[in-house]
Amino acid sequence: MLKDTYCGDLRPADAGRAVRIAGWVHRRRDHGGLIFIDLRDSRGIVQVVFNPEDAASHAVAHRARTEWVLAVEGVVRARSAETVNPNMATGAVEVVPAAVQVLSEALTPPFYINEPVEVDEQLRLRYRYLDLRRPEVAKVIYLRHEVVRFMREFLYGRGFIEVETPTLIKSTPEGARDFLVPSRMKPGHFFALPQSPQILKQLLMYGGVEKYFQIARCYRDEDTRANRVAEHTQLDLEMSFVGQEDVMALIEELYTGIAQRFRPGALAATPFPRLDYADCMARYGIDRPDLRFGLELVDIADAVRTSQFQVFAGALAAGGEIKAIRIPGKADMTRKEIDELTEVARGGGARGLAYIGFTGAELRSPIAKFLSPEEVAGIRSRTGAEDGDMVVIVADQPAVVAKSLHEVRTELGSRLGLKDAGVLSFAWVTGFPLLEWRPEEERWDATHNPFCGFPESERALLDTDPGRAASYQYDLVCNGAEVGGGSIRINNRSDQERVFGLMGYTKEEQQDRFGVVLDALEYGTPPEGGVGAGIDRLIMTLAGTDNIRDVIAFPKASSGGDPLMGSPTPVDAAQLAELGLRLAEEPSR
RNA sequence: GGCCCCGUGGUGUAGCGGCCUAACAUGCCACCCUGUCAAGGUGGAGAUCGGCGGUUCGAAUCCGCUCGGGGUCGCCA
């Protein structure tokens with residue numbers, strides 16, 4: 001080993017020790033006589049002092065430049081009191097070299113490694129190996145490692161075994177678009193990369209594994225977003241002989257542990273609050289609410305049930321809803337703010353955003369003149385509005401009201417500074433419907449996945465009113481993002497066929513797509529369930545970033561390609577021929 | 001696929017019709033300097049303003065197309 005100690009680990013207790021350190025020149029301060037070099041490695045930075053009296057070492061220090069790689073043999077020395085740097089972890093010590101070796105010289109890097117400056121993301125990704133040297137980038141990658149290690153150790157300790165599943169699997173047309181991999185052995189046939197190991201982990205349960213987990217890569221060939229990439233990683237987990245509460249308890253313990261370990265004091269509440277799906281939708285308009293703040297949706301339909309105001313009357317007559325959000329102390333919101341909120345509501349599908357500002361005896365509202373005093377009083381009492389409060393209202397179909405007011409609520413959370421980055425507000429959402437109606441396709445579709453089970457009490461509803469049947473699904477949300485979701489699965493063939501049938505699959509289609517599961521269900525299968533929990537988003541939350549690429553060592557760019565490796569690329573005609581493929585059009589450039 | 005934003009020395013920005021022979025900071029190079037830690041000082045090199053075309057007497061600046069990047073809707077759990 002060229003080094004026996006990490007630069008970043010040196011402390012006053014090491015004073016007097018002979019050490020061998022090695023790392024990158026982070027910064028160099030040349031005083032003509034004395035030269036200071038801050039040497040950086042994976043654990044941190046330490047100052048090395050070169051004195052002209054040691055001519056050989058001093059000459060190396062004089063030549064050395066940023067990002068050169070040096071090995072230093074020397075002695076750790078406590079700094080004198082007036083030269084201690086309290087801003088550095090190693091600031092009370094320095095290394096006095098006896099011998100210095102240049103392991104590698106370096107070009108001037110294309111961007112700053114030693115300063116936390118915003119750099120064009122594509123440039124960072126193209127030189128990701130340099131970007132990874134930046135302490136603030138390395139920190140997040142290290143955090144990710146520590147979190148995953150925590151998960152592994154937690155699960156090992158509870159009897160889970162880690163099993164790998166294939167990444168070349170069978171394509172299924174539903175869900176997201178598959179990444180396809182052509183088969184050379186069977187031209188014209190394709191593998192797909194898994195969107196998740198869902199079926200495979202169920203088969204592991206059927207195979208008697210009982211407690212499985214995997215840090216699993218999942219692929220979806222869909223457009224990216226700031227928090228969405230084509231390949232993401234999830235903690236995939238499945239357990240046999242359990243019910244919903246068992247899985248939730250395990251996951252809650254895991255995430256509580258992670259939060260306490262990596263963000264001490266940030267946890268808003270334990271145990272995690274439970275929200276029933278219907279209640280959650282009613283109060284927040286979304287199944288993954290940000291619970292760091294209130295601003296809940298309030299149903300005010302009863303207060304205006306007989307209103308002459310066309311917008312309200314029309315919405316109710318069409319089977320719609322009227323809901324409001326009370327914004328404390330914001331009756332004096334500027335016209336511009338109101339317009340901007342209205343735009344947000346329109347983005348959610350609403351045709352407008354009505355408002356009433358309760359400013360003492362006067363009302364600040366363009367709709368007040370259409371409402372009776374009793375109706376205004378009803379709105380006020382239902383929302384709990386006090387003088388100085390603003391109430392914003394959307395009247396429309398339930399889905400529109402939910403979506404638009406959710407977006408207004410989220411926007412208000414940001415504008416009013418209610419999204420405290422120092423808080424982790426976890427919650428469970430349960431009681432999801434098993435199925436939802438797809439009007440365009442005129443069929444039922446699984447809310448979660450088609451293997452999701454349901455309580456015995458719901459069975460009759462599958463025949464009479466499938467949309468009302470509740471499921472054994474549970475989602476874990478945190479600060480407005482879904483961090484994980486799972487279910488207790490169906491574990492008998494007839495129920496599974498029943499659900500597939502409702503989803504509009506013929507027997508043949510069922511057998512073709514899900515025959516493995518259906519057949520396996522006839523050979524003795526345990527009640528089982530599990531979760532899939534997104535790791536990238538969890539790390540984003542813990543690290544406080546809103547860019548998913550920050551938490552991935554080698555991410556794809558937003559445009560879907562990899563600026564580092566230059567992929568994707570065209571391939572040789574010979575490669576295509578071998579696969580039995582012909583291009584419909586020549587690749588551009 | 002739609003919409004929005006961005007593209008100026010190595011990096012980050014300013015300039016938004018003639019004062020630009022393109023500015024500032026930092027980095028880079030050289031020299032001076034023995035306790036700094038974003039070291040300091042002096043001097044120097046470095047961009048035809050993503051590309052193409054157009055408008056204009058004149059374009060980094062206006063217009064069109066195009067390429068690249070980011071965000072978002074669609075899509076996606």
Side-chain angles (χ1 to χ4, degrees), chain A residues 26-40 45-54 58 61-62 65-67 77 79-88 90-92 94 96 106-127 130-131 134 174-178 195-196 198 218-230 232 234 287-288 346-349 403 407 429 432 436 445-449 452 473 475-477 481-487 531-534 537 546-549 557-561 563 588-589:
Chain A
H26 189 68
R27 227 183 270 281
R28 178 174 158 277
R29 292 176 294 281
D30 186 343
H31 288 227
L34 277 184
I35 299 174
F36 300 95
I37 285 182
D38 291 339
L39 202 63
R40 182 193 70 238
I45 295 170
V46 73
Q47 171 168 287
V48 184
V49 195
F50 296 83
N51 197 294
E53 287 157 25
D54 180 355
H58 190 266
H62 187 74
R65 290 293 180 271
T66 306
E67 297 309 311
R77 179 168 76 188
R79 298 199 201 177
S80 63
E82 65 276 13
T83 59
V84 166
N85 182 349
N87 301 318
M88 288 177 77
T90 63
E94 60 197 5
V96 181
L107 296 173
T108 302
F111 52 82
Y112 295 102
I113 289 166
N114 54 16
E115 281 179 49
V117 177
E118 280 290 315
V119 183
D120 177 68
E121 198 174 5
Q122 203 195 7
L123 191 68
R124 289 175 53 194
L125 293 183
R126 177 142 35 102
Y127 293 97
L130 299 180
D131 197 36
R134 303 168 80 199
E174 57 280 326
R177 194 179 296 113
D178 281 329
Q195 294 179 25
S196 83
Q198 182 61 39
C218 304
Y219 305 88
R220 294 178 308 216
D221 188 6
E222 299 291 351
D223 287 3
T224 55
R225 286 287 186 284
N227 62 359
R228 215 169 75 189
V229 278
H232 74 280
Q234 71 178 40
D287 60 3
R288 46 175 172 80
R346 287 215 174 94
K403 183 152 195 279
E407 286 178 13
V429 182
F432 285 82
E436 59 189 349
D445 194 13
T447 312
H448 174 55
N449 70 41
C452 183
Q473 181 195 342
D475 276 6
L476 182 62
V477 302
E482 185 192 326
V483 295
S487 62
V531 298
R537 283 188 192 175
D546 51 11
N547 181 346
I548 198 167
R549 284 165 243 118
S558 166
S559 48
S588 53
R589 303 189 337 119

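Throughout, protein chains are lettered first and strands after them, A, B, ... in sequence-line order, and every chain is numbered starting at 1.
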Distance check: side-chain N/O of R27(A) vs OP1/OP2 of U36(B), anything under 4.0 Å? no

Qualifying residues under ring pair (Phe, Tyr, Trp, His ring centres under 6.0 Å), relative to Y112(A), sequence neighbours excluded: none

Taken in chain and number order and not counting sequence neighbours, the residues that satisfy side chain to side chain contact (heavy atoms under 4.5 Å, CB included) with A106(A) are E67(A), W68(A)

Distance-only donor-acceptor test, D223(A) side-chain atoms vs G74(B) base atoms, 3.5 Å: yes

P spacing across the pair G69(B) / C32(B), given as an integer number of angstrom: 47 Å

Using atom C1' of each nucleotide, how far apart are G46(B) and U26(B) to the nearest Å? 14 Å

Donor/acceptor link under 3.5 angstrom from R29(A) side chain onto base of C33(B): no

Please evaluate the base of G27(B) for a donor-acceptor partner in the side chain of R65(A) within a cut-off of under 3.5 Å? no

Donor-acceptor under 3.5 Å (N114(A) side chain, H26(A) main chain): yes

Ring-base stacking, F111(A) with U11(B) (5.5 Å, 30° cut-offs): no

Which residues pass the side chain to side chain contact (heavy atoms under 4.5 Å, CB included) test with T224(A), not counting sequence neighbours? S558(A)

Using only heavy-atom distances, decide whether a donor-acceptor pair under 3.5 angstrom links the side-chain of Q122(A) to the base of G70(B). no

Please report the distance separating the P of C24(B) from the corresponding atom of G9(B), rounded so that it comes out in whole Å. 16 Å

Please determine whether a side-chain nitrogen or oxygen atom of S559(A) lies at a distance below 4.0 Å from atom OP1 or OP2 of G70(B). yes

Any N or O donor-acceptor pair linking the side chain of E115(A) to the base of U26(B) at under 3.5 Å? no

Of the candidate nucleotides G69(B), U36(B), U34(B), which contains the atom at the shortest distance from the side chain of P52(A)? U34(B)

Suppose we screen for side chain to side chain contact (heavy atoms under 4.5 Å, CB included). Which residues come up paired with R177(A), at least two apart in sequence or across chains? D221(A), E222(A)

Counterpart residues, salt bridge (Lys or Arg N to Asp or Glu O under 4.0 Å), relative to R79(A) (two or more places apart): E94(A)

Close N or O pairs between protein and nucleotides 40-50 of chain B (under 3.5 Å):
none

Using a distance-only criterion (donor-acceptor N/O pair, under 3.5 Å, no hydrogens), is the base of U36(B) paired with the side chain of R28(A)? no

Could you tell me whether the phosphate oxygens of G69(B), OP1 or OP2, come under 4.0 Å of any side-chain nitrogen or oxygen in S558(A)? no

H31(A) side chain to F36(A) main-chain N or O, any donor-acceptor pair under 3.5 Å? no

Looking across every strand, which nucleic acid part, if any, lies under 4.0 Å from R549(A) by heavy atom: base, sugar-phosphate, or nothing? sugar-phosphate

Can you tell me, in whole Å, how much space there is between the C1' of C62(B) and that of A30(B)? 44 Å

Does the C75(B) base have a donor-acceptor partner in the side chain of R228(A) within less than 3.5 Å? yes

Does A77(B) have OP1 or OP2 under 4.0 Å away from a side-chain N or O of S196(A)? no

Provide the distance between the two P atoms, one in G54(B) and one in G43(B), to the nearest whole Å. 45 Å

The side chain of E121(A) lies closest to which of these nucleotides: G27(B), C37(B), G70(B)? G70(B)

Whether the side chain of R537(A) engages the backbone of N227(A) through a donor-acceptor N/O pair (distance < 3.5 Å, no angle test) should be reported. yes

Where do N or O atoms of nucleotides 4-7 of chain B meet protein N or O atoms at under 3.5 Å, pair by pair?
none

Salt bridge (Lys or Arg N to Asp or Glu O under 4.0 Å) involving R228(A) - partner list, sequence neighbours excluded: none

Roughly how many Å apart are A25(B) and A38(B), using the C1' atom of each and rounding to a whole number? 12 Å

To the side chain of R77(A), which of U11(B), G35(B), C76(B) is closest? G35(B)

Measuring only the C1' atom in each nucleotide, how far is G17(B) from G71(B)? A whole number of Å is fine. 31 Å

For V117(A), is there any backbone N or O sitting under 3.5 Å from a side-chain donor or acceptor partner on R134(A)? yes

With sequence neighbours excluded, what pairs up with D54(A) under the side chain to side chain contact (heavy atoms under 4.5 Å, CB included) test? A56(A), S57(A)

Determine: side-chain N/O of T66(A) to OP1/OP2 of G27(B), distance under 4.0 Å, yes or no. no

Taking the P atom of each, how far is C52(B) from C31(B), in whole Å? 40 Å

